[in-house]
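Chain letters run A, B, ... following the sequence lines, proteins first, then strands; residues in each count from 1. In this text the structure is predicted, and so the values were computed from the model without any measurement.
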Amino acid sequence: MSQKIRVRFAPSPTGPLHIGGVRTALYNYLFAKKHNGVFCLRIEDTDQARYVAGAEDYIKETLGWLGLVPDEGPGYGGDFGPYRQSERKDIYLKYAQELLKRGKAYYAFDTPEELDARRKMEAERGNHSFKYDAHSRKEMKNSLTLSEEEVQKRISAGEPYVIRLLVPENDTVTFEDLVRGQVTFETSELDDKVLIKADGMPTYHMANIVDDHLMEISHVIRGEEWLPSTGHHVLLYKAFGWGDSIPHFAHLPLILKPNGKGKLSKRDGAKFGIPVFPLDWKGEGEDDHYPGFREYGFLPEAVINFLAFLGWNPGTDEELFSLDQLCQVFSLDKIHKGGARFDYEKARWYNQQYIQRTDDGKLASLVRPIVEAKGFSPDDGFLTKVCGLLKERCQVLPDFWENGFWFFDEVKEYDTDNVKKRWTPELKGHFEKLIARLAEAETFETPELESMVKAFINDNGLKMGQVLPLLRIALAGTMKGPGVFETMEVFGKEETLKRLKKALAAFDDIAEA
RNA sequence: GGCCCGUUCGUCUAGGGGUCAGGACGCCACCCUUUCACGGUGGAGACACGGGUUCGAUUCCCGUACGGGCUACCA
């Protein structure tokens, strides 16, 4: 490929960016970086009715969070702007005129109501695939059936009209998809797509071709849902006379629901109790609120890695890749053709891997908001050490609180079953002696604490199992958690002794109850 | 319905005319461990079906089945 690689991610700002869209953005980004190309963001806001305020910002924030920063796009600079299609309206109109002049498109005056009625009528007659095509256009109201004067009269009278693509008859459209190989359509199957809507805005099909051409896009990497309309797109390039510079196409497999029934949709988040958006989204209405991966406690590196492997693999057994590494090894020909189910457990596993590899101090800064939301403000040093002890048992950030809340607050509940099973009155004297011994410790670090406590156990003819579990419950309230000696070190002498003393009294009560 | 695309363990996938069909998640067992986890070892677990082509098909071809997508003046 000698030509300059330029790709675009072209979302429609109709709401939060779906996780499937994020993967499309990722693959575009990886492909661009792999080939020293350019990654563009283009906002496809040609549908005024579905436009949602805030959606563009959401898209940009998502790309920023994940590190998929566009080289060109609205707010990112670039020489091919504007990058919002609503700001390019005149360009599309100009090109539509060009098509009209070339006899590749025509005016149509049929209203949506008339078309709906016609479809309904056809359906009642058993024809469920009515199309505005080579056959039906002959009996519709358009510049092919109407006289030129009539057409001019209607237009100057301000009658609404659309411009449609004149699909050639009895032809075959073929293109080479980089993921699927050769794909072929019979033009008799293709309808005369609307290019310019009655409101003067272009449809996706029109805007997409004009922009990709003008922006010199070399590769169109998009979801499989676009495969069926690619025939139209190829026809359009040819109609414009751009047949020699049609971009390469790569249609990505869809991300399916966890149960495999259909493509993942925003409703599935609530249905399966999983996030399907990168970031929290709060729209206008009460129910227009969806949780995101970020707020679920996922690390962006993990989301990237997980998404990259949903439908693609490097061909090796390696599966932990940073964004930079992915840029090195990514290639379109390793994209799997079949749809991939969204596997939330696998996403959690990836996140756990990244949490384990993340620096304790960094984790502390990510966990702090969670702890503070619970009403505690530990100092940085302490929180950092706690994160270090906890991180290998956390899959998402809130797990730090779930597994370690007792680090921040005094123990309010002891594991009574285990206390009852293990606590005996005779142990009390030993524990008091142990507390006294600990109070005299010069250093309060793990190795010293370990040898000191173990020596104590030995000297007093006790067993590990008689002492350690109770020590743990005294400190944490629970049997689960990091090593006892590490925990003691992190607490420090004062807090450790405080907890031990409080527990001794509590254990008596529990044992008697 | 029509058109287009797809189909390897439960899931994500590697592979490809002759392999013990490999890895990962999840699951089970064991080891490590005073606990939980991490880690380690091992285990169960797949080529949708039917025809071809071939000495030999999971792999190539054709059907069928199943799944998905599209079928708007939405993208």
Handout entry: nucleotides 33-38 of chain B: protein proximity per nucleotide (B base, S sugar-phosphate only, - neither; heavy atom, under 4.0 Å)
Key = -BBBBS
Handout entry: Contact pattern, 5' to 3', of nucleotides 66-75 of chain B - B, S or - by protein heavy atom under 4.0 Å
Key = --SBS-SBBB
Taking [atom1] from [X] and [atom2] from [N], how many angstroms apart are they, rounded to a whole number?
X	N	atom1	atom2	value
A:Phe249	B:C4	CZ	P	17 Å
A:Lys257	B:C12	NZ	P	15 Å
A:Glu122	B:G2	CD	P	17 Å

Practice task
Using a heavy-atom cut-off of under 4.0 Å over every strand shown, decide if A:Lys334 touches base, sugar-phosphate, or nothing.
Solution key: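 A:Lys334: backbone/sugar contact only, no base atoms under 4.0 Å.
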Exercise for the section: Indicate, with a heavy-atom threshold strictly under 4.0 Å, whether A:Thr184 touches base, sugar-phosphate, or nothing. Expected result: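 Here A:Thr184 touches the backbone only, sparing every base.
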Could you work out the separation of [N] and [M] based on their [atom1] atoms and round it to a whole Å?
N	M	atom1	result
B:U35	B:C30	P	14 Å
B:U54	B:G1	P	37 Å
B:G18	B:A75	C1'	49 Å
B:A57	B:G43	P	30 Å
B:C61	B:C25	C1'	36 Å
B:G40	B:C32	C1'	8 Å
B:G50	B:U41	C1'	43 Å
B:G23	B:G42	P	10 Å

May I ask you to decide if the ring planes of [X] and [Y] are parallel, tilted or perpendicular, using 30° and 60° as cut-offs?
X	Y	value
A:Phe277	A:His18	perpendicular
A:His233	A:His205	tilted
A:Phe408	A:Trp401	parallel

I'd like a list of close polar pairs between nucleotides 45-49 of chain B and the protein, N/O only, cut-off under 3.5 Å.
none

Please write out each protein N/O paired with an N/O of nucleotides 21-24 of chain B under 3.5 Å, distance rounded to 0.1 Å.
unit_1	atom_1	unit_2	atom_2	d
B:A24	O4'	A:Glu319	OE2	2.7
B:A24	O2'	A:Glu319	OE1	3.4
B:A24	O2'	A:Glu319	OE2	2.7
B:A24	N3	A:Lys346	NZ	3.1

Taking only residues at least two apart or on different chains, which pairs with a member in [range] satisfy salt bridge (charged side-chain N to carboxylate O under 4.0 Å, His left out)?
range	answer
residues 328-343 of chain A	none
residues 384-406 of chain A	A:Asp360-A:Lys391
residues 158-179 of chain A	A:Arg154-A:Glu159

Validation: residues 304-311 of chain A side-chain donor-acceptor distances under 3.5 Å, sequence neighbours left out:
unit_1	atom_1	unit_2	atom_2	d
A:Asn305	OD1	A:Phe321	N	2.7
A:Asn305	OD1	A:Tyr354	OH	2.4
A:Asn305	ND2	A:Glu319	O	3.1

Handout entry: Main-chain N/O of A:Asn403 paired to A:Trp406 side chain as donor or acceptor, under 3.5 Å
Key =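 Yes, A:Trp406 side chain to A:Asn403 backbone: donor-acceptor pair under 3.5 Å.
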Problem - Sequence-distant partners of A:His232, ring pair (Phe, Tyr, Trp, His ring centres under 6.0 Å), two or more places apart - result: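 Partners of A:His232 by the ring pair (Phe, Tyr, Trp, His ring centres under 6.0 Å) criterion come out as none, since no residue qualifies.
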Handout entry: Partner set under ring pair (Phe, Tyr, Trp, His ring centres under 6.0 Å) for A:Tyr27, not counting sequence neighbours
Key =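 Checked A:Tyr27 against ring pair (Phe, Tyr, Trp, His ring centres under 6.0 Å); matches are A:Phe330.
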Handout entry: Contacts of type side chain to side chain contact (heavy atoms under 4.5 Å, CB included), residue A:Ala506, not counting sequence neighbours
Key =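 For A:Ala506, the residues satisfying side chain to side chain contact (heavy atoms under 4.5 Å, CB included) (neighbours in sequence not counted) are A:Tyr414.
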Practice task
Check whether any side-chain N or O of A:Asn313 sits under 4.0 Å from OP1 or OP2 of B:U13, and answer yes or no.
Solution key: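 Answer no for this pair, as no side-chain N or O of A:Asn313 is under 4.0 Å from OP1 or OP2.
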Problem - A:Asn351/A:Tyr296 under side-chain contact (heavy atoms from CB on, under 4.5 Å): CA gap, chis, key distance, verdict - result: CA-CA 11 Å; A:Asn351 206 50; A:Tyr296 256 69; over 6 Å; no
Problem - Donor-acceptor pair between A:Tyr204 and A:Asp47 side chains, under 3.5 angstrom - result: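 No - no donor-acceptor pair under 3.5 Å links their side chains.
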Quick one: side chains of residues 453-464 of chain A, donor-acceptor pairs under 3.5 Å with protein atoms, not counting sequence neighbours, listed by atom name and distance.
unit_1	atom_1	unit_2	atom_2	d
A:Lys454	NZ	A:Glu450	OE2	2.6
A:Asn460	OD1	A:Lys433	NZ	2.8
A:Asn460	ND2	A:Phe456	O	2.7

